[in-house]
Chemist: 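Below are the structure tokens for one structure; questions will follow.
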Amino acid sequence: MYVPPRLVGRVRESGELDAAFRAAREGTPSAVLLGGEAGVGKSRLLGVFADRWRAQGARFLAGGCLELGTEGLPFAPFTAAMRQLVRDIGVDGVGALLPAGAAPGLGRLLPDFGEADGDAFTAEARARLFELVLTLLERLAADGPVVLAVEDAHWADRSTRDLLVFLVRNLGAGVPLLIVATYRTDEVHRSHPLRPLLTELDRVPGVRRVEVARLGREEVRELVRGVLGAEPPAARLEEVFARSEGNPLFVEALLGSGGDADLPESLRDLLLGAVHRLPEETQEILRVAAGGGARIEHELLAAVTGLDEQALTRGLRPAVASNALVVDGDGYAFRHALIREAVHDDLLPGERTRLHARYARVLEERPGLMPARQRAVTLAYHWYAAHDVVRALTGAWEAVGETRKALAHAESLRMASRVLELWDRVPDAAHRIGVPHAEVMEQAVTFAWLAGESERGVRLANAALATPGLEAEDPMRAARLYQRRGLMGMKLARDDAVNDFRTAARIVPAYPPSRTRARVLATLAHQTAGLHGTRDESRAAAEEAMEVARAVGDVEPEIELGLRLAWDQVLRDGDLEACLARIDRVAELAGEVQAIDPLMRSLVNRADVLEMFGRHREAAAVAAEGIARAERYGVARTTGAYLAINTAEPLVSLGHWDEALAVIGRALAQDPPNVIRGGLVFLAGGVAVARGDLDAAAAEAAAARELIALGAARRAQHLFPVCRLEALVALGRGRAADALAALDPVMTDEDLPDGPRYALPALVTAATACAALGDTGPLAAIRARVAGMSVHGPVQEAHRLTFAAEAARAEGVLDRAAWEAAVAAWDALEQPHSTAFALVRTAEAAIADGDRNAAGARLRRADRLAADLRAAPLRDKAARLARRARITLGGAEPEPPRLGLTPREAEVLRLVAAGRSNREIAAALFISAKTASVHVSNILAKLGVSGRGEAAATAHRLHLFDDG
């Protein structure tokens with residue numbers, strides 16, 4: 001089986017192992033009980049752990065317990081460890097670590113040491129052997145840390161278990177020895193002999209229990225990518241993740257099956273081996289249970305098996321004892337879904353059909369066995385599996401109604417698709433479910449939209465709209481289909497999507513007034529509000545939509561248009577609080593009528609406007625809440641991924657770049673639509689270029705340009721950041737002319753929605769490019785472009801201030817006051833990278849003014865900010881400027897004595913002013929706490945103050961440490 005080139009995931013588990021090793025290395029007795037189900041990757045985790053610490057000088061000894069009948073081979077792991085040690089240092093080397101003449105005692109473990117003494121079967125001999133092994137390990141560890149691993153302890157024989165307990169209980173303090181025992185949690189049932197041992201060791205100080213969890217979706221994706229050598233298709237990944245439930249062994253086995261729907265034989269054997277050893281009556285019950293899914297209630301199982309309580313209990317006990325089934329409340333669950341699948345697939349075709357029919361009949365005859373919603377979906381499943389197409393169709397349609405009540409849109413879509421699949425196979429299908437085919441099609445389209453399945457929804461809408469005569473015979477339905485297709489097309493960044501809204505508005509009858517017309521017009525108004533050259537069209541549609549909505553008493557258009565009006569308010573009046581209040585009102589109305597899309601858009605808009613006004617922390621929190629809701633509502637891949645942009649953007653602003661990249665990575669793993677993927681990619685590219693990884697940034701820029709919308713629906717928020725990223729890469733490579741060329745759309749495409757917000761940062765970069773070129777020719781046009789913009793909020797104002805200062809610099813004027821204003825603006829917004837950039841420019845202006853002290857203070861602060869961000873290019877810029885001005889960065893310049901204080905006393909006073917205790921001062925300055933106390937006493941005397949607080953107040957009052 002393929003072994004991935006590096007460990008996938010396991011951050012928590014690796015951290016626990018590393019922590020235990022460090023504790024042992026520092027002399028604290030340590031052991032780890034590493035549990036996890038079969039195939040979850042315990043051995044792989046342990047191997048990587050061993051490689052990591054072996055490379056740093058640790059010795060790693062390992063052995064596994066071997067299954068031999070019902071018990072393992074005695075002392076097998078210790079024999080393997082001894083054999084490994086003999087290979088490493090030889091028999092004589094091992095003997096040298098033992099008391100004189102004691103080496104033959106190890107002959108009980110390894111024949112290399114000769115014959116053991118004659119009292120082979122006495123308790124004393126066993127005790128001496130245990131002591132001998134402990135002594136060997138302790139003396140071996142005296143030369144460096146040792147890890148002893150006992151693998152597959154669930155197969156351990158009694159002697160092995162006893163020796164393991166002895167070693168763990170007798171680990172001596174100061175000995176750098178770590179013991180790790182691995183075991184299968186799924187094998188350790190209630191009567192397993194390892195179970196009491198684990199409980200006993202749990203109470204031993206220094207022992208920690210670590211359970212290796214299954215892999216998450218992103219980790220499975222990484223594993224699949226490693227096995228296949230390429231990025232897996234989203235559908236394949238979902239299938240593998242769902243079927244494997246994150247078990248790496250099952251992931252690899254499923255991939256090794258070549259994509260067949262059936263389980264591979266090797267995996268089937270793995271899963272069914274334990275089942276086939278059970279009594280036949282138990283196997284039959286398991287076959288019945290497998291037909292009911294991964295979990296089944298006791299009462300339902302009894303009804304389907306037809307067994308009386310005594311017979312059913314008798315048959316179930318071996319299944320529970322063997323851990324094939326686990327008790328789960330009032331029912332039973334298969335320990336792993338793939339076990340159920342294997343058992344179910346082991347049924348003969350006729351058996352399987354009859355079994356599902358039995359389930360369905362029982363559920364129809366006894367509806368009280370399940371809640372209505374679960375029963376509807378379960379009935380649909382069983383009749384479909386029983387190949388009864390009539391009942392499968394009616395059951396699926398009933399399930400559509402039940403899942404819709406629960407807002408389970410993806411399940412509703414699946415059930416509606418099942419109805420469409422069976423439609424032509426059932427005579428009088430429309431009569432049987434009470435609705436026409438067109439209604440089922442429209443509902444399927446709606447469910448696809450609500451579930452975020454835009455590609456699938458567009459295909460369904462295309463099929464529905466292809467119905468001959470639909471527009472003429474049923475214009476209302478056709479208009480709704482065009483509206484939904486347009487909305488999904490916008491999600492997919494299709495240039496022609498807006499035309500669907502126009503077509504819907506054209507064909508929907510104006511008289512009599514209708515909810516459909518009000519909603520179609522509201523959608524047209526909302527969706528065209530952000531497009532180039534459509535303001536009049538949007539306004540007219542909004543006015544008519546509100547008029548029609550009032551006439552028919554429909555609240556949805558108010559929801560639809562509320563967000564547009566909120567943005568109008570903030571852009572027209574700059575009234576952020578009024579805008580937020582209107583957005584909250586939309587969310588409230590949407591929540592009342594369970595309108596998920598506008599509810600989610602209200603969160604997107606709230607996060608967006610908060611970020612625009614520099615309230616980054618609030619923006620990130622709102623967007624993160626939105627992502628959680630998107631997962632709950634089943635739209636994680638679309639709206640949830642879009643909200644990831646809203647989460648990552650403020651995190652980037654705040655300088656939390658690694659956290660932002662993690663958010664971006666998780667969202668990209670969802671395989672979002674192209675325009676969303678493009679937004680995520682250029683954010684990642686912005687971090688890459690700021691950290692000096694120009695190749696990665698260039699790749700992200702190229703990818704983003706392919707993904708963003710560049711047609712009729714293009715927006716500044718998609719295009720301008722990519723132009724700026726390309727320009728920053730060009731500047732980083734010393735190609736200022738290419739940078740200006742990349743920014744040409746920003747300077748010429750003047751009427752895109754969101755223009756100022758996304759154009760201003762790019763135009764700052766354009767001014768930088770002019771300065772680098774020494775060419776002020778393009779600057780007049782750039783200045784004119786900025787002058788013609790409306791500035792909304794403090795972030796845009798900070799960009800405007802930065803542009804003014806940078807444009808003056810391009811013209812040879814180092815305007816220190818302008819740069820100080822920019823520093824203050826960015827400081828107030830808590831944007832460290834922009835602050836550091838402005839600080840470097842301010843220092844440049846201060847040096848030109850001859851103010852070297854001020855320049856040094858600003859450069860040192862810029863360097864600290866850039867260092868925290870790992871923004872290497874900005875640090876280099878500060879360092880070059882400091883060298884030219886003969887300024888030392890990093891606080892390395894010795895401070896002159898202040899108020900009669902020595903340099904060391906000045907350092908201590910700085911820490912006193914920062915509120916540090918003597919112990920903290922000692923740690924910071926690498927001195928003893930007593931020495932720190934002496935320094936503090938001297939400082940108090942020299943300053944003539946009575947205490948630490950007064951000393952700190954004096955330092956602050958005299959601005960002694962303002963530069964740091």
Side-chain angles (χ1 to χ4, degrees), residues 1-25 30-66 76-77 80-81 84 145-156 164 168 176-188 194 198 201-202 206-227 240-241 244-256 267 270 335-336 338:
M1 182 171 290
Y2 172 83
V3 177
R6 64 185 182 87
L7 187 66
V8 173
R10 306 307 184 208
V11 174
R12 176 186 60 81
E13 297 92 337
S14 293
E16 291 275 2
L17 283 170
D18 288 344
F21 178 83
R22 293 190 184 97
R25 186 178 57 184
S30 298
V32 174
L33 307 175
L34 189 67
E37 66 183 3
V40 82
K42 301 180 295 297
S43 296
R44 175 68 180 158
L45 171 65
L46 191 59
V48 172
F49 164 79
D51 290 342
R52 182 164 59 251
W53 291 108
R54 191 185 287 120
Q56 298 187 37
R59 182 182 295 277
F60 189 85
L61 302 174
C65 301
L66 302 178
Q84 179 184 343
V146 173
V147 178
L148 172 66
V150 175
E151 294 205 67
D152 296 322
H154 52 280
W155 285 329
L164 177 62
V168 172
L177 172 64
L178 170 66
I179 296 175
V180 181
T182 72
Y183 63 97
R184 290 185 184 174
T185 52
D186 46 336
E187 295 278 353
V188 184
L194 186 65
L198 295 173
L201 292 182
D202 268 343
V207 174
R208 63 184 78 195
R209 184 98 69 105
V210 178
E211 183 158 347
V212 182
R214 295 175 181 177
L215 299 176
R217 185 186 305 275
E218 173 59 20
E219 294 164 334
V220 169
R221 175 175 174 267
E222 187 178 351
L223 177 58
V224 173
R225 185 172 55 211
V227 173
V240 170
F241 180 72
S244 70
E245 295 185 352
N247 184 298
L249 174 65
F250 297 160
V251 170
E252 294 173 18
L254 287 168
L255 293 172
L267 181 56
L270 171 69
R335 173 171 50 83
H336 196 289
L338 281 179

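Scope of the values below: all heavy atoms of this structure, side chains included, with no hydrogens, waters or symmetry mates.
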Chemist: Report the C-alpha separation of Asp202 and Arg209 in whole Å, then their side-chain angles, then the decisive distance to 0.1 Å, and conclude whether the side chain to side chain contact (heavy atoms under 4.5 Å, CB included) test is met.
Modeler: CA-CA 7 Å; Asp202 268 343; Arg209 184 98 69 105; 2.5 Å; yes

Chemist: Got a sec, which residues hit ring-ring contact (aromatic ring centres under 6.0 Å, His included) with Phe21, two or more places apart in sequence or on another chain?
Modeler: Trp53

Chemist: Between atom CG of Leu17 and atom CZ of Arg22, what is the distance when rounded to the nearest 0.5 Å?
Modeler: 11.0 Å

Chemist: Just verifying a value: how many Å separate Glu219 CD and Arg10 CZ, rounded to the nearest 0.5 Å?
Modeler: 6.5 Å

Chemist: Listed by chain and number, what are the side chain to side chain contact (heavy atoms under 4.5 Å, CB included) partners of Ala50, not counting sequence neighbours?
Modeler: Arg54, Phe60

Chemist: According to salt bridge (Lys or Arg N to Asp or Glu O under 4.0 Å), who are the partners of Arg217, at least two apart in sequence or on a separate chain?
Modeler: Glu238

Chemist: If you round to the nearest 0.5 Å, how far is CG of Leu178 from CG of Leu148?
Modeler: 9.0 Å

Chemist: For the residue pair Ser30 and Ala23, what are the closest heavy atoms and their distance?
Modeler: OG-CB, 3.6 Å

Chemist: Do any N or O atoms from the side chain of Gln84 and from the backbone of Ala62 form a donor-acceptor pair under 3.5 angstrom?
Modeler: yes

Chemist: Show the nearest heavy-atom pair for residues Pro248 and Val40, with the distance to one decimal.
Modeler: CG-O, 3.3 Å

Chemist: Check Gly36 against Asp186 and note the closest heavy-atom contact, atom names and distance.
Modeler: O-OD1, 4.1 Å

Chemist: Between Val150 and Cys65, which heavy-atom pair has the shortest distance, and what is it?
Modeler: CG1-SG, 4.0 Å

Chemist: Compare every heavy atom of Ser43 with every heavy atom of Glu151, then report the nearest pair and how far apart it is.
Modeler: OE1-OG, 2.8 Å

Chemist: Could you pull out all residues at least two apart from Arg12 that satisfy side chain to side chain contact (heavy atoms under 4.5 Å, CB included)?
Modeler: Val210, Ala213

Chemist: Please name all residues satisfying side chain to side chain contact (heavy atoms under 4.5 Å, CB included) with Thr185, sequence neighbours left out, ordered by chain then number.
Modeler: Glu37, Tyr183, Glu211

Chemist: Once side chain to side chain contact (heavy atoms under 4.5 Å, CB included) is applied, do any residues pair with Ala19, and if so which ones, sequence neighbours excluded?
Modeler: Arg208

Chemist: Please step through side chain to side chain contact (heavy atoms under 4.5 Å, CB included) for the pair Arg221 and Phe241, ending with a clear verdict.
Modeler: CA-CA 8 Å; Arg221 175 175 174 267; Phe241 180 72; over 6 Å; no

Chemist: Would you sort out whether Val212 and Thr182 count as a side chain to side chain contact (heavy atoms under 4.5 Å, CB included), showing the intermediate values?
Modeler: CA-CA 10 Å; Val212 182; Thr182 72; over 6 Å; no

Chemist: Quick one: pull up CG in Leu61 and CG in Leu177 and give me the separation to the nearest 0.5 Å.
Modeler: 9.0 Å

Chemist: Could you give the distance from CD (Glu13) to NZ (Lys42), rounded to the nearest 0.5 Å?
Modeler: 11.5 Å

Chemist: Quick check: closest heavy atoms across Arg25 and Pro145, and the distance to 0.1 Å?
Modeler: CG-CG, 3.9 Å

